[in-house]
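Take a look at the structure below.
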Amino acid sequence: MKKIVFCVPDMIVGGVETVLGQTLISLSKHSNIELTVCFHMPLAEPFWIEWFNNHNNIITHVCFPAGPIFERFKTHIPVVENIRRIFFSLYKKYRRVIFKYKFRNHDVLVDYKNGSFYKEFSYCKKKKTVTWLHSSYNYFAESKLYSRFCKYDKIVCITDACLEEIANNYPDIKDKLIRIYNPSDYENIAKKASAGCSLPYTFFVCVSRLDKDKDVGTVIKAFDVFWRKEKQPECKLVIIGDGINANFFQSLAASQLSKNDIIFLGKIPEPFGYMHDSLAQILSSYSEGLPTVMIEASACGTLNIASDCPNGPKEIALNGKAGLLFKPGNVEQLAEIMSDVWNNKIDKEEIISNARKELKRFDANVIASQILKLID
């Protein structure tokens, strides 16, 4: 039996975590594999606490179980804060030694989120290691991840474009690179989506973390331009998600003339019914890996409108054949696309059909086989 450890800092309601959950489900179907998931801190998100309780065949381990206690005692008093940091650092070193011996008999260690466990893995120099880059090439270069990534045995990119850019710019790690798409149980998503939602109005939907890099502000501003151009149509913008910039985006929406038609629904773990009933799902990020929300929208039979940012949206949208693309941050262009959708000026059904035909690229069982091949 092969023993595999997947390491991720935390489990929030986000794209990477959703993909990891689907990956674990697919791999757990293979009886010759023992799966462990390791977190930096204890789980706090109720959705994932329940998820792991329901999948008790997957072992869990917490690197720093006392971490929240140390975090709770953060202070602005310099002397006390320095003491807290020293003791927290010593505690982390001790727990990393525990990590080393805990997994000394495991076959492969997988650092699943952008090399976030590189310090822990530095204690396990004789183990086979893999890392996943769940972001674009731009993120890889700007975050200076090369110094971490070159130490892994294999590096998984989730788009062809990202892999090619890394290979061209860092040829010494070219042989370590492999492309594996994010898996999706799109048939199950389609079933869940078919029930629809209970919203009694026509709407565009934006399912996103409300963080700066997701640029939800462009969606809000574009909707306001569309709303004014179409003379206050019977249409709303529904925003699903939460994040550190939630208050900022809510204030931005409140400053628009269309403020009464911009609805924030908060965090919804499986918003498939909302996607299914919408005119289109809008993604406006400045940078992406392989955005799960676009794959989910395609599975729901929903039109994707996405920023043409590095690297994944164009690859999912087949360069415009399976989704509509706009320049990142371009409010006027996005508003024009929204008007075209509203006025039926595009062949929406053909684009949705093209997207559905290509979903097999992300079949969870196919991706699981590719991961097992990588492990072997």
Side-chain angles (χ1 to χ4, degrees), residues 6-26 37-52 55 58 60 110-117 131-136 139-140 143 145 156-159 162 180-186 189 192 205-216 219 238-249 264-272 274-275 281-300 304 306-307 309-313 316 362 364 367:
F6 282 84
C7 300
V8 64
D10 194 5
M11 294 295 285
I12 60 174
V13 177
V16 174
E17 292 74 23
T18 299
V19 168
L20 176 57
Q22 184 56 62
T23 299
L24 295 171
I25 290 172
S26 300
V37 183
C38 182
F39 318 108
H40 274 153
M41 301 287 189
L43 289 179
E45 172 56 51
F47 175 83
W48 287 111
I49 292 173
E50 181 180 0
W51 190 94
F52 280 100
H55 296 82
I58 298 171
T60 59
V110 179
D111 189 344
Y112 197 67
K113 192 172 182 180
N114 303 339
S116 54
F117 268 72
T131 190
W132 248 258
L133 177 60
H134 280 284
S135 301
S136 67
Y139 177 85
F140 176 87
S143 300
L145 292 180
V156 177
C157 301
I158 55 177
T159 67
C162 181
I180 298 178
Y181 282 136
N182 290 338
S184 174
D185 187 357
Y186 51 85
I189 290 173
K192 292 181 178 180
V205 69
C206 173
V207 179
S208 175
R209 276 188 295 105
L210 301 184
D211 294 346
K212 184 178 179 180
D213 62 313
K214 295 298 183 180
D215 191 29
V216 176
V219 182
V238 173
I239 299 173
I240 298 175
D242 198 2
I244 58 174
N245 294 111
N247 290 337
F248 170 80
F249 291 126
F264 288 82
L265 293 184
K267 180 169 57 178
I268 300 174
E270 294 185 337
F272 309 134
Y274 296 90
M275 292 185 193
Q281 148 64 28
I282 305 174
L283 176 82
S284 56
S285 304
Y286 281 112
S287 180
E288 281 286 351
L290 191 75
T292 303
V293 69
M294 289 185 68
I295 301 172
E296 291 173 342
S298 296
C300 294
N304 270 308
S307 56
C309 66
N311 287 107
I316 294 174
F362 313 113
I367 302 304

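Quantities reported herein were computed from a predicted structural model and do not represent experimental measurements.
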As a quick check of understanding, evaluate side chain to side chain donor-acceptor pair (under 3.5 Å) for Ser287 and Asp213, giving each step before the final call.
CA-CA 7 Å; Ser287 180; Asp213 62 313; over 6 Å; no
Contact check, side chains of Glu17 and Lys113, non-hydrogen atoms, under 4.5 Å
yes
What distance do Lys267 atom NZ and Arg209 atom CZ have between them, rounded to the nearest 0.5 Å?
12.5 Å
Below 4.5 Å, heavy atoms only, C-beta onward: do Ile295 and Ile189 meet side chain to side chain?
no
Is a side-chain donor or acceptor of Asn245 paired with a backbone partner of Lys212 at a separation under 3.5 angstrom?
yes
Go through it in stages, so that I can follow the logic: the residues are Ile239 and Val216, the test is side-chain contact (heavy atoms from CB on, under 4.5 Å), and I'd like the CA-CA distance, side-chain angles, deciding distance and then a yes or no.
CA-CA 9 Å; Ile239 299 173; Val216 176; 4.1 Å; yes
Which distance, rounded to the nearest 0.5 Å, do you find between the CD of Glu50 and the NE2 of His55?
10.5 Å
Within the 4.5 Å heavy-atom criterion, are Val16 and Tyr112 side-chain neighbours or not?
yes
Going through the checks in order, is the side-chain contact (heavy atoms from CB on, under 4.5 Å) test met by Ile367 and Asn182?
CA-CA 7 Å; Ile367 302 304; Asn182 290 338; over 6 Å; no
Close side-chain approach of Leu24 and Trp51, heavy atoms under 4.5 Å
yes
Taking all atoms of both residues into account, what is the closest heavy-atom pair of Gln281 and Val207, and its distance?
OE1-N, 3.2 Å
Main-chain N/O of Phe117 paired with Asp111 side-chain donor or acceptor, under 3.5 Å:
yes
Verify side-chain contact (heavy atoms from CB on, under 4.5 Å) between Phe39 and Trp48, making sure each step is shown before the conclusion.
CA-CA 12 Å; Phe39 318 108; Trp48 287 111; over 6 Å; no
Test item: Ser184 side-chain N/O and Phe362 main-chain N/O as donor-acceptor pair under 3.5 Å:
no
Under a 3.5 Å distance rule, please check whether Ser284 uses its side chain to pair with a backbone N or O of Lys214 as donor and acceptor.
yes
With rounding to the nearest 0.5 Å, note down the distance linking CG in Leu20 to CD1 in Ile25.
10.0 Å
Nearest heavy-atom pair of Ile268 and Ile240: which atoms, and what distance?
CB-CG2, 3.8 Å
How many angstroms lie between atom OG of Ser136 and atom CG of Leu290, to the nearest 0.5 angstrom?
12.0 Å
Phe47 side chain reached by Met11 side chain, heavy atoms, under 4.5 Å:
no
Start with the C-alpha distance between Leu43 and Asp10, add both sets of side-chain angles, then the distance that settles side-chain contact (heavy atoms from CB on, under 4.5 Å), and finish with yes or no.
CA-CA 7 Å; Leu43 289 179; Asp10 194 5; 4.3 Å; yes
Answer yes if the side chains of Asn114 and Ser135 hold a donor-acceptor pair under 3.5 Å, and no otherwise.
yes
Measure across Val205 and Tyr274 and return the closest heavy-atom pair with its distance rounded to 0.1 Å.
CG1-O, 4.4 Å
Kindly compute the distance separating CZ (Phe249) from SG (Cys206), expressed to the nearest 0.5 Å.
9.0 Å
Count the heavy atoms belonging to other residues, nucleotides or ligands that lie under 6.0 Å from CZ of Phe248, then report whether that count exceeds 12.
no
Evaluate the side-chain proximity of Ile282 to Asn304: yes if any heavy-atom separation is below 4.5 Å, no if none is.
no
For the residue pair Tyr139 and Leu145, establish whether any side-chain heavy-atom pair is separated by less than 4.5 Å.
yes
Taking the side chain from Asp211 and the backbone from Ile244, do they hold a donor-acceptor pair closer than 3.5 Å?
yes
Which heavy atom of Ser307 sits nearest a heavy atom of Pro313, and at what distance?
O-CB, 3.4 Å
CD1 on Ile58 to OG1 on Thr60, rounded to 0.5 Å:
9.5 Å
Of all the heavy-atom pairs spanning Gly15 and Thr292, show the shortest one and how long it is.
O-OG1, 3.5 Å
So, for Met275 and Val293, which heavy atoms are closest and what is the spacing to 0.1 Å?
CE-CG2, 3.5 Å
Report yes if some heavy atom in the side chain of Phe140 is under 4.5 Å from a heavy atom in the side chain of Cys157; otherwise report no.
no
